[in-house]
Structures are given as C-alpha cells and as structure tokens.
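For ligands, and for the atoms within them, numbers begin at 1 and follow the listed sequence. Position 1 is the first residue of the sequence, and the numbers go up from there.
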Amino acid sequence: MIIRYALCSRSVSILRRSTKVNLPLVTRAQQHSKRTAIVTADGQFSYQDLLGLSGRIATRLLDGADDLREARVAFLVPPGFEYVATQWGIWRAGGIAVPLCVSHPRPELEYVATNSDASIVVAHPSFEALLRPIAEDHRLRFILTCDPPLSDVVQLPQVEISRRALILYTSGTTGKPKGVVTAHANIQAQVTSLVEAWEWTAGDRILHVLPLHHIHGIVNVLTCALWAGAECHMMDKFDADLVWDRICAGNLTLFMAVPTIYAKLIASWEKAASARQMAISKGCAGMRLMVSGSAALPVQVLQRWQTISGHLLLERYGMTEIGMALSNPLYGQRRAGYVGVPLPQVDVRLVDESGAPVAAETPGEIQVKGPGVFWEYWRKPDATAKAFQDGWFCTGDLAVVEQDCYRILGRISVDIIKTGGYKVSALEIEEVLRTHPDIQECAVVGVADLEWGERVCGALVLKSGCNLALEPLRNWAKARLAAYKVPTRILTVEELPRNAMGKVTKPAVVQLFGSKST
Ligand code: AMP
C-alpha cells in the first residue's frame with residue numbers, strides 16, 4: 001500500500017480542533033509559534049509551520065488509529081524542514097522514530113528497518129527506489145513525503161514523556177549495530193542539561209551540518225534549538241566552502257561539529273584568499289560558542305581553530321547511550337586535551353577492572369548515571385543488563401581526572417573505531433569483508449589520523465592466486481556497508497599477527513600500518 005502525504009505545502013496549517021498534546025517539546029513550540037524554527041535553502045519555517053505539518057503527518061501515520069502505541073517508524077528524509085516535521089509527526093502520533101542514514105546502502109537500511117521491527121517506512125521521493133523494495137519485501141506500510149496534502153488534523157494522542165521516543169543504531173564490540181532506545185524523558189533530560197550548561201536561548205541561531213541519524217545532530221543541535229525556541233539553520237550536507245559562506249553572512253550564534261569537520265574547515269580556510277580569510281574570521285567573531293565532540297579533538301586542531309576563528313573550542317564528551325556527560329565550561333578555563341566536568345543532571349565516576357571506584361588521579365572506566373541515560377538496547381535484554389553495573393552505565397571509555405578535569409584516554413576495546421565522528425565496529429566490517437570471494441582472512445583496525453581521528457584500515461590475507469586492489473574492494477564494500485565503514489587503506493599480508501592463543505593481536509596489526517593504535 002502506498003500512501004502519500006504533502007510535506008511540501010508551506011501553508012500555515014491551523015489545527016481544526018485543539019489537539020491535546022503533552023509532550024513538553026510540542027507545548028513549548030506552541031508558545032514560540034510565530035518565531036522561526038527552521039531555515040533551509042527552501043525558506044524559513046516557523047514553529048507554527050512545524051506544528052501544522054507534524055500534525056498532518058501524525059494524522060497520516062495514525063491512519064484512523066488513536067495512537068501508534070510505540071510502533072516503530074523508520075524514515076529517510078534529507079536534512080531540512082520535512083525531516084523535522086516527520087520526526088515530530090512520529091512522536092506526536094505516539095510512535096518511535098527510527099531515523100535512517102541518507103548515505104547508507106540497502107543492506108544497512110534493511111538491517112535497521114527490520115531489526116527495529118518497523119511497521120511503517122516513510123521516504124522522501126528521492127529515496128523511493130531504495131526503500132520501496134525493502135518495504136514491499138517485508139510487507140511494511142510505505143509512505144512518501146509528497147502529494148496530495150492532508151487538510152485535516154485529528155485529535156492526536158496524549159504521549160507521556162515516559163514513553164519510548166527514538167531508536168538510534170550504534171556499533172558495539174560484538175556483531176551488528178544495536179538499537180539504542182531513548183524515552184522522551186531521556187531526551188528531555190539530555191536537552192535540558194545542555195540548554196542549562198551552554199545557556200541556549202530563543203535568540204540563538206545554530207548552523208546544522210551534522211548527520212541526522214546520530215545523537216549529535218538530533219539532540220545536541222536540532223532538539224536543543226527547538227526546545228529553546230531558537231532557529232536551526234540546516235544545510236543539505238556538510239560542504240566546507242558553503243559553511244564558511246554561511247558563517248561570513250553573519251547572524252549565527254552557535255556551531256557544533258566533530259573534529260573532522262573542524263579539520264576540513266581549517267583546510268578550506270588555508271586555501272582561501274586573504275580577504276575571504278578575514279571575512280570568515282569576522283563571521284566567527286560574531287558567534288558566541290563553538291563546540292567539538294563525538295571524538296577526541298586533537299590539540300593542533302584546537303589551536304589552529306583558535307587562530308582562525310578567535311574561539312577556543314568547547315570540547316565535550318558523550319555517547320548515544322547517555323547523551324552528553326562531560327563538558328568544558330561555557331565560562332572559565334577550557335583546558336586543551338580535557339573534556340571538563342560532569343554536566344547538569346549527570347553523575348560520572350571512574351572504576352577499576354573490579355568495578356570499584358579508583359583513587360584520585362588514577363585511570364578508570366567512565367561510568368554514567370542520570371535521567372539522560374538510555375532505556376534499553378532494542379530487544380536485547382542481556383546486552384542491556386551487561387551494559388550496567390549497579391545502575392551505572394559502563395561506557396567502555398577510559399579516563400583520568402587531573403586537577404578536577406576529566407581527560408579521555410581511549411577505549412577499552414580496540415574493536416571500536418571512531419572515524420570522522422562515527423563509531424564503527426571492526427568486527428562488523430571484518431564479517432562483511434570475509435564474504436568477499438578473494439579474501440581468506442582479515443583484521444580491521446583504527447589507525448590514528450589527524451583529520452579523521454582514526455582511519456579504517458584492513459589487513460587482508462588473500463586466497464591463493466588472488467589479487468585485490470583498494471578501489472575495487474571499496475566499490476564492492478560500499479554496496480554492503482556505510483561508506484564511512486569501508487577501509488581507506490588495505491595491506492595484503494601472508495598471515496595475520498597472532499598471540500600464543502591464536503588470537504589476532506590488533507595492536508600489532510595497527511603497527512603494520514606504521515602507526516600506533518589510539
Ligand atoms: P557515539 O555514541 O557515536 O556518539 O560515540 C560515543 C563515543 O565517542 C564515546 O564512547 C567515545 O569513545 C567517543 N567520544 C565522544 N566524545 C569524545 C571526546 N570528546 N573525546 C574522545 N572521545 C570521545
């Protein structure tokens with residue numbers, strides 16, 4: 001069944017009957033109704049526009065039912081007003097939003113749609129060819145974000161904030177990505193913590209250049225802006241020159257990105273003519289805060305950025321499962337190489353291998369507790385239980401506190417790679433590479449890189465008589481894995497380094513690539 005709804009209509013919708021909503025995010029939007037919420041290349045959209053369109057989408061999703069009752073709705077919509085209205089429409093209909101990634105190939109999309117057990121798939125027409133076959137193969141209701149418009153809005157359900165809201169897929173140390181489920185209350189705690197710490201107000205205008213299937217783009221940028229009644233200026237995708245154009249145009253107050261984006265912006269600035277460099281610096285000077293996170297910020301990048309923009313980047317630490325946990329201060333000293341102190345509503349402790357809190361200045365695993373911590377891994381009760389110790393979420397990251405500030409030391413597992421801000425599982429990539437007809441064995445590692453944080457690198461043992469070059473392998477892998485998971489360097493080896501037990505020694509594999517593991 002194909003159902004179409006109009007997301008494209010710009011007309012300000014008047015809700016025919018007063019809809020009884022109790023999601024605070026929505027109630028707050030009603031108070032900001034005339035203010036601008038979203039700005040895109042297509043124009044400006046007010047909070048009233050957002051309420052109108054999301055109400056119509058909710059009505060379409062409900063299709064006569066009174067409440068979606070936490071049905072999963074997978075959606076693939078490019079960054080922009082339609083994306084936001086679809087996400088809100090799912091929430092207002094009582095569903096769980098499962099955002100899909102615009103750059104994922106079919107196997108990744110199909111995995112998320114089926115693993116989350118979605119019953120509805122919403123697609124922008126540009127993704128119809130990719131998604132409709134998935135919906136048909138799995139008998140899912142398929143909705144396109146185009147004509148004809150819905151004119152009426154039904155009574156929407158009351159959605160308690162204790163209900164599940166969002167599933168984001170994240171890589172772990174075992175197997176395929178897991179669905180991290182957060183309730184509205186978790187998201188609200190994550191948002192209010194950041195709104196307080198970074199003093200978001202309705203006067204803020206943030207430039208959004210981050211992916212919209214990841215916590216950084218969804219919570220830290222989009223939802224914080226909408227909670228505050230601020231403006232979120234969305235770009236279709238990250239493009240360094242266009243970001244600088246937008247910053248030069250002035251009037252932005254906030255920017256948040258991953259270290260790789262800052263490195264790319266620096267490279268673009270360095271190539272620019274001096275008049276443009278001065279205009280960029282002027283644009284940055286008018287902003288009040290620039291934040292980096294999702295991966296370690298190299299001190300060289302922080303220093304170079306300060307020269308260019310005049311801003312000492314505020315580095316924070318967080319994770320899909322917990323929201324943001326640690327942050328350098330808005331006011332006061334921001335220490336290069338450190339991620340500050342716990343954010344409001346977040347408790348953090350460091351523990352040793354036995355789970356006991358460590359002594360002062362001693363490294364330990366970061367554990368986190370608080371209302372922002374996720375609800376569960378979707379349909380994985382064992383993995384959920386294993387992720388907690390006495391109510392504390394075990395992050396798998398190591399840190400030390402020095403002069404009252406946290407410094408991240410790295411991850412406990414070498415099988416988690418952070419590349420360009422994306423968290424990827426070496427094991428998941430190895431599993432796919434092993435299905436290549438020329439590959440007998442392989443080991444995937446992250447190799448330190450100033451621009452990407454880590455690069456995905458693969459050591460390959462080929463089947464006898466086979467040859468495999470990087471580009472053909474990348475093309476083959478891109479049809480099966482998200483592009484950021486595909487190795488950018490490969491080495492063909494006779495055999496993989498192993499320890500006495502026969503287990504592949506990943507640090508030795510990293511050394512094959514001429515660098516140390518991070
Ligand atoms: P994700 O769930 O994709 O946001 O990835 C979370 C992981 O990113 C954390 O567990 C850390 O390993 C890493 N991470 C996030 N922020 C930082 C940071 N400021 N410094 C170092 N690693 C970070």
Report yes if the side chains of Lys423 and Tyr484 come closer than 4.5 Å at any heavy-atom pair, otherwise no. no
For residues 296-317, the salt bridge (Lys or Arg N to Asp or Glu O under 4.0 Å) pairs (sequence neighbours left out) are Glu270-Arg304
Enumerate the pairs of nitrogen or oxygen atoms, one from ligand 1 and one from the protein, separated by less than 3.5 angstrom; state names and distance to 0.1 Å.
from: ligand 1; atom 1: 2 (O); to: Thr320; atom 2: N; distance (Å): 2.8
from: ligand 1; atom 1: 2 (O); to: Thr320; atom 2: OG1; distance (Å): 2.6
from: ligand 1; atom 1: 3 (O); to: His214; atom 2: NE2; distance (Å): 2.9
from: ligand 1; atom 1: 3 (O); to: Lys418; atom 2: NZ; distance (Å): 3.2
from: ligand 1; atom 1: 4 (O); to: His214; atom 2: NE2; distance (Å): 3.3
from: ligand 1; atom 1: 5 (O); to: Lys418; atom 2: NZ; distance (Å): 2.8
from: ligand 1; atom 1: 8 (O); to: Ser294; atom 2: O; distance (Å): 3.4
from: ligand 1; atom 1: 8 (O); to: Lys418; atom 2: NZ; distance (Å): 3.1
from: ligand 1; atom 1: 10 (O); to: Asp397; atom 2: OD2; distance (Å): 2.4
from: ligand 1; atom 1: 12 (O); to: Asp397; atom 2: OD1; distance (Å): 2.8
from: ligand 1; atom 1: 12 (O); to: Asp397; atom 2: OD2; distance (Å): 3.3
from: ligand 1; atom 1: 16 (N); to: Ser294; atom 2: N; distance (Å): 3.3
from: ligand 1; atom 1: 19 (N); to: Glu315; atom 2: OE2; distance (Å): 2.9
from: ligand 1; atom 1: 19 (N); to: Arg316; atom 2: O; distance (Å): 2.8
from: ligand 1; atom 1: 20 (N); to: Ala296; atom 2: N; distance (Å): 3.4

So that I can tick it off, tell me whether Lys176 and Glu431 are bridged by a salt bridge, with the cut-off set at under 4.0 angstrom between side-chain N and carboxylate O. no
May I ask you to decide whether Glu402 forms a salt bridge with Arg335, counting only side-chain N to carboxylate O separations under 4.0 Å? no
Distance-only, no hydrogens or angles: does the His233 side chain make a donor-acceptor pair with backbone N or O of Met235 under 3.5 Å? no
Is a side-chain donor or acceptor of Arg72 paired with a backbone partner of Asp117 at a separation under 3.5 angstrom? yes
